[in-house]
Amino acid sequence: MLKLLFFGALAYFVFRFVQKVRLSGGGNNGNARSGPVDEMVQDPNCLTYIPKGNAIRKSVNGETHFFCSQKCVDEFRNKK
Ligand SMILES: [Zn+2]
């Protein structure tokens, strides 16, 4: 239980830190294009969109794909 609390707090602080960095790092460009942090990529296995920063990047048959989880990496590789 204590461990769970600890990891919860840790995740919260990491989340707050990332938000702070993103807020301070953002310029005042009126461009609608989002930065690399907010870029969404599609998992070719389950077709879910995930933030590029959270995705697992894997090269399959010379092509780079982004996956939501290791499970999808394995499933996609088995499909090919
Ligand atoms: Zn997936």
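What's counted below: heavy atoms across the whole structure, side chains too, no hydrogens, waters or symmetry copies. Atoms within each ligand, like the ligands themselves, are counted from 1 in listed order.
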Quick one: do Glu75 and Lys71 satisfy salt bridge (Lys or Arg N to Asp or Glu O under 4.0 Å)? Show the steps, please. CA-CA 6 Å; Glu75 281 180 15; Lys71 184 174 157 270; 3.4 Å; yes
In chain order, what residues pass the side chain to side chain donor-acceptor pair (under 3.5 Å) check against Asp74, with sequence neighbours excluded?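 Partners of Asp74 by the side chain to side chain donor-acceptor pair (under 3.5 Å) criterion, ordered by chain and then number, come out as Gln70.
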Is there a side-chain contact between Met40 and Ile50 (heavy atoms, below 4.5 Å)? no
Hydrophobic side-chain clustering at under 4.5 Å (ILVMFWY, transitive links): who's grouped with Phe6? Put none if nobody. Phe7, Leu10
Partner of Val73 under side chain to side chain contact (heavy atoms under 4.5 Å, CB included), chosen from Val60, Ile56, Asn78: Ile56
Under 2.8 Å from the Zn ion (ligand 1) - protein N/O/S, by chain and number: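 You should have found Asp43 OD2, Cys46 SG, Cys68 SG, Cys72 SG.
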Identify, with sequence neighbours excluded, every residue that meets salt bridge (Lys or Arg N to Asp or Glu O under 4.0 Å) alongside Lys58.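 Once residues adjacent in sequence are excluded, Lys58 has no partner under the salt bridge (Lys or Arg N to Asp or Glu O under 4.0 Å) criterion.
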